[in-house]
Peer 1: 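Here's a structure for you.
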Amino acid sequence: MRRLVELLAEGAPDEDITAVPARARAAGAGPGDLAELEAAVASALKVRRALRQHRRREAELTALFETAGDLAGLRDLDDVLQSIVRRARMLLGTDTAYLTLPDERAGDTYMRVTDGSVSPLFQNLRLSLGEGLGGLVAQTTQPYASPDYGTDPRFLHTETIDAGVREEGLVGILGVPLLLGSSSAEGGKVIGVLFAADRRPRTFTPDETALLCSLAAHAAIAIDTARALADTRAALADLAEANAVIREHSAALQRTEEAHDRLTDLVLRGGAAGEIAAAVGELLGCAIAIIDPTGHRMAQAGDGPGLTPDDLAEAVAESRAAARAVPLGDHWVCAVLAGPELLGSLVALDRPALEDSDRRLFERAGVVTALLLLLRRTVTETENRIRGELLTEVLTAAHRDPAGLVDRGRRLGTDLEHPHLVLVAQAPARTRSKLSAAAAQHLFGRGGISAEHDETTVILLPYDGPDAAGTDPAGVARTTAGRLTYLVGAPVTVAASGPASGPVALAAAHAEARRCLRAMGVLGRTGEGASAAELGFLGVLLGDGHDVRRFVHSVLGPLLEYDAQRGTDLVRTLQAYFDCGASLTRAKDDLHIHVNTVVQRLDRIGSLLGPGWNEPDRALELQLALKLNLLSA
């Protein structure tokens, strides 16, 4: 007996314990002693089995506790699932372990994570409720085990599932449900199925099933916790995003309130166009330009590229039709409207992106700009009517009281002693009523005054010297003609004179501009702009209304007809000859032909014009006709 106890204490194998009766028999023990010894051996084996079972259970419990601790420390769902299948495979000593989760949208379960798997087909299996071993576990919430799944008739076999199992080589499979809320079928919610499988036939014992169920219970709690943490993190992220949106909205409201206050202050103060551009540019953080209806810049705050009227036309039309700001490359354009009337446009320069709040602010600035432009235009029109009376007196009675006119002008904000350009504009009779309003609109933001006089509109523009941009009389006349033509909707002819200062000089400049305007009519230059200096002595000669075409044809008719019939350049050759001071050598260089060709052409000219064509009096007449022909072309 003592020997049996020693063997148990030493952990001797079962063979050593069962050999004790044989040794006693060989030693001559009696039947009674042998019977008692055999009974003791049986008891010792039972004790050995119980000890082994307790040790295994202790190891399993220890492993479960460690697993629970590991799972409790995990926060990421993928890490939790991977740890579960790895522990299941380790605790049961199987070739593989895997876990399926339900897909509520599809109404089935899918392979979520595997450990020890080598088959892609198996790793991507999907099981409907009731299909295969896993589908039955998910449907009934009960564990199922099969020593040989391929031949087990208890399960609903499908070709897809069986093909995946065969490719993985699995035979013995054990599956247990992951339950939340209850360990029984009543009230428990299946959130997945945990599997352990071997690639050989294997009968899973109740203890192994209970062990996997215990692991599944821990795993279900860990999965639920991980999901709750993920939901919490998602909720926190949503809250953070919502908080950011609220802060952004609050900042936008604050900026809108600030913009409203600043723009309202501009309206109340009657701010200028430059102040509007500066305020909007500061609010939006970019350069802002205010453009008039013809596409020319009225004011700009900040540095930015210059845009031509052609660049803006399509975008302004689009904004006008949509009543919204529209993008134009890296810029934004907002039409400034007063009902259907286009007063101009706002342009945000070098601002590719305009968020909704900034876009609304930009569009609101367009409304404020329209209001300010209307207010200023009304004030300007009123002031211009009063100043127009002054201008009328300057044109009709400058010699009566020049000093008094200068004094009245200063009280009205116009310094008549400052140099001015005098422009005379004329439109067709049917549109003459529009011309005065168009002139006032053209002057808006530019200074100057205008008045109707003798079926024309007279404009006085301050002159800042020859070096100032846009002060060339001829250039100003052409620009003004173009803008007034656009505003009136009919051709407007503009003649310019000056600069002049003082009532008497201004009246004289007006008379000169009137002669220039008549000369332009004689030359057929309706709808254009020119200056008295540009036309020179021709303006004086033609200012009384001579028939230019008849004069030109009477002098140059033979040459014009000859060129028209034969495609020659006799008129051009004669012009070059006179321009070069009657030098054949310089004329041939100017015409890029041989000197002999110049001689031949001059001989032909002489035969067409007759003898004496190059005498001084006849030559002056020819040069005048050539000049008129060039100007009226």
Peer 1: In Å, rounded to the nearest 0.5 Å, how long is the span from CG of Leu487 to CG of Asp292?
Peer 2: 7.5 Å
Peer 1: Can you give me the closest heavy-atom contact between Pro293 and Tyr486, atom names plus distance?
Peer 2: O-OH, 3.2 Å
Peer 1: Answer yes or no: are there more than 12 heavy-atom neighbours, outside Asp303 itself, under 6.0 Å from its atom CG?
Peer 2: no
Peer 1: Is there a side-chain contact between Asp103 and Thr109 (heavy atoms, below 4.5 Å)?
Peer 2: no
Peer 1: Give the C-alpha distance, both sets of side-chain angles, the deciding distance and a yes or no for salt bridge (Lys or Arg N to Asp or Glu O under 4.0 Å) between Arg112 and Asp78.
Peer 2: CA-CA 9 Å; Arg112 181 64 171 79; Asp78 288 335; 2.5 Å; yes
Peer 1: Looking at every non-hydrogen atom in both residues, tell me the closest pair between Cys213 and Val176 and how far apart they are.
Peer 2: SG-CG1, 3.5 Å
Peer 1: Donor-acceptor pair, distance only, cut-off 3.5 Å: does the side chain of Asp198 make one with the backbone of Arg200?
Peer 2: no
Peer 1: State whether the side chain of Asn124 and the backbone N or O of Pro120 hold a donor-acceptor pair below 3.5 Å, judged by distance alone.
Peer 2: yes
Peer 1: Pairing donors with acceptors under 3.5 angstrom, does anything connect the side chains of Glu131 and Thr158?
Peer 2: no
Peer 1: Do Leu129 and Asp108 come within less than 4.5 Å of each other through their side chains, counting heavy atoms only?
Peer 2: no
Peer 1: Does some side-chain heavy atom of Thr100 sit less than 4.5 Å from a side-chain heavy atom of Phe195?
Peer 2: yes
Peer 1: Counting N and O atoms only, with roles assigned by atom type, does the side chain of Arg351 sit under 3.5 Å from a partner on the main chain of Ala353, one being a donor and the other an acceptor?
Peer 2: yes
Peer 1: Does the side chain of Leu342 come within less than 4.5 Å of Arg320's, by heavy atoms?
Peer 2: yes
Peer 1: For the residue pair Phe155 and Ser146, establish whether any side-chain heavy-atom pair is separated by less than 4.5 Å.
Peer 2: yes
Peer 1: Going from CG on Leu121 to CE on Met111, what distance comes out if it is rounded to the nearest 0.5 angstrom?
Peer 2: 9.5 Å
Peer 1: Quick one: does Asp95's side chain have a donor or acceptor within less than 3.5 Å of a partner on Arg199's backbone?
Peer 2: yes
Peer 1: For Val85, run the side chain to side chain contact (heavy atoms under 4.5 Å, CB included) check against Leu99, Thr114, Leu215 and tell me which one passes.
Peer 2: Leu99
Peer 1: What's the verdict on side chain to side chain contact (heavy atoms under 4.5 Å, CB included) for Leu81 and Leu101, showing C-alpha distance, side-chain angles and the deciding distance?
Peer 2: CA-CA 10 Å; Leu81 297 178; Leu101 294 179; 4.1 Å; yes
Peer 1: Is there a side-chain contact between Leu136 and Leu156 (heavy atoms, below 4.5 Å)?
Peer 2: no
Peer 1: To the closest 0.5 Å, what do you measure between CZ (Phe204) and CG (Leu92)?
Peer 2: 6.5 Å
Peer 1: Main chain of Thr205, side chain of Thr209: is a donor-acceptor contact present, judged purely on distance under 3.5 Å?
Peer 2: yes
Peer 1: So Thr232 and Leu236, side chain to side chain contact (heavy atoms under 4.5 Å, CB included) or not? Walk me through it.
Peer 2: CA-CA 6 Å; Thr232 301; Leu236 289 174; 4.1 Å; yes
Peer 1: Indicate yes or no for a side-chain donor-acceptor contact from Arg359 to the backbone of Ala325 under 3.5 Å, with no hydrogens or angles considered.
Peer 2: yes
Peer 1: Any chance you could measure His331, atom NE2, to Cys286, atom SG, to the nearest 0.5 Å?
Peer 2: 10.5 Å
Peer 1: Using modelled atom types only, decide if a donor and an acceptor are shared between the side chain of Trp332 and the backbone of Leu349 within a distance under 3.5 Å.
Peer 2: no
Peer 1: Give a yes or no answer on whether the side chain of Ser319 reaches the backbone of Ala335 with a donor-acceptor pair at less than 3.5 Å.
Peer 2: yes
Peer 1: What distance do Ser119 atom OG and Arg166 atom CZ have between them, rounded to the nearest 0.5 Å?
Peer 2: 11.0 Å
Peer 1: In sequence, state the C-alpha distance, the side-chain angles, and the governing distance for Val193 and Tyr98, and then conclude on side chain to side chain contact (heavy atoms under 4.5 Å, CB included).
Peer 2: CA-CA 8 Å; Val193 178; Tyr98 48 97; over 6 Å; no
Peer 1: Consider only side-chain N and O atoms of Thr96 and Glu168, and report whether a donor and an acceptor are under 3.5 Å apart.
Peer 2: no
Peer 1: What's the shortest heavy-atom distance between Val333 and Ser345, and which atoms?
Peer 2: CG1-CB, 4.3 Å
Peer 1: Over all heavy atoms of both residues, which pair between Ile191 and Ala220 is shortest? Give the atoms and the distance, please.
Peer 2: CD1-O, 3.7 Å
Peer 1: When you measure from the side chain of Ser214 to the backbone N and O of Ala210, does any donor-acceptor pair fall under 3.5 Å?
Peer 2: yes
Peer 1: Just say parallel, tilted or perpendicular for the rings of His157 and Tyr149, cut-offs at 30° and 60°.
Peer 2: tilted
Peer 1: Answer whether the closest heavy-atom distance between the side chains of Val190 and Leu178 falls below 4.5 Å.
Peer 2: no
Peer 1: Write down the atom of Tyr110, the atom of Pro102, and the distance for their closest heavy-atom approach.
Peer 2: CE2-O, 3.9 Å
Peer 1: Below 4.5 Å, heavy atoms only, C-beta onward: do Ile291 and Leu312 meet side chain to side chain?
Peer 2: yes
Peer 1: Quick one: closest heavy-atom pair of Arg126 and Ala106, and the distance?
Peer 2: NH2-CB, 3.9 Å
Peer 1: OG1 of Thr369 to CD1 of Ile288: how many Å apart, nearest 0.5 Å?
Peer 2: 9.0 Å
Peer 1: Ignoring hydrogens and geometry, is there a side-chain-to-backbone donor-acceptor pair from Glu167 to Gly164 under 3.5 Å?
Peer 2: no
Peer 1: Between Asp115 and Gln82, does the side chain to side chain contact (heavy atoms under 4.5 Å, CB included) criterion hold? Intermediate values first, please.
Peer 2: CA-CA 8 Å; Asp115 190 67; Gln82 193 62 53; 3.7 Å; yes
Peer 1: Count the heavy atoms belonging to other residues, nucleotides or ligands that lie under 6.0 Å from CD of Gln123, then report whether that count exceeds 12.
Peer 2: yes
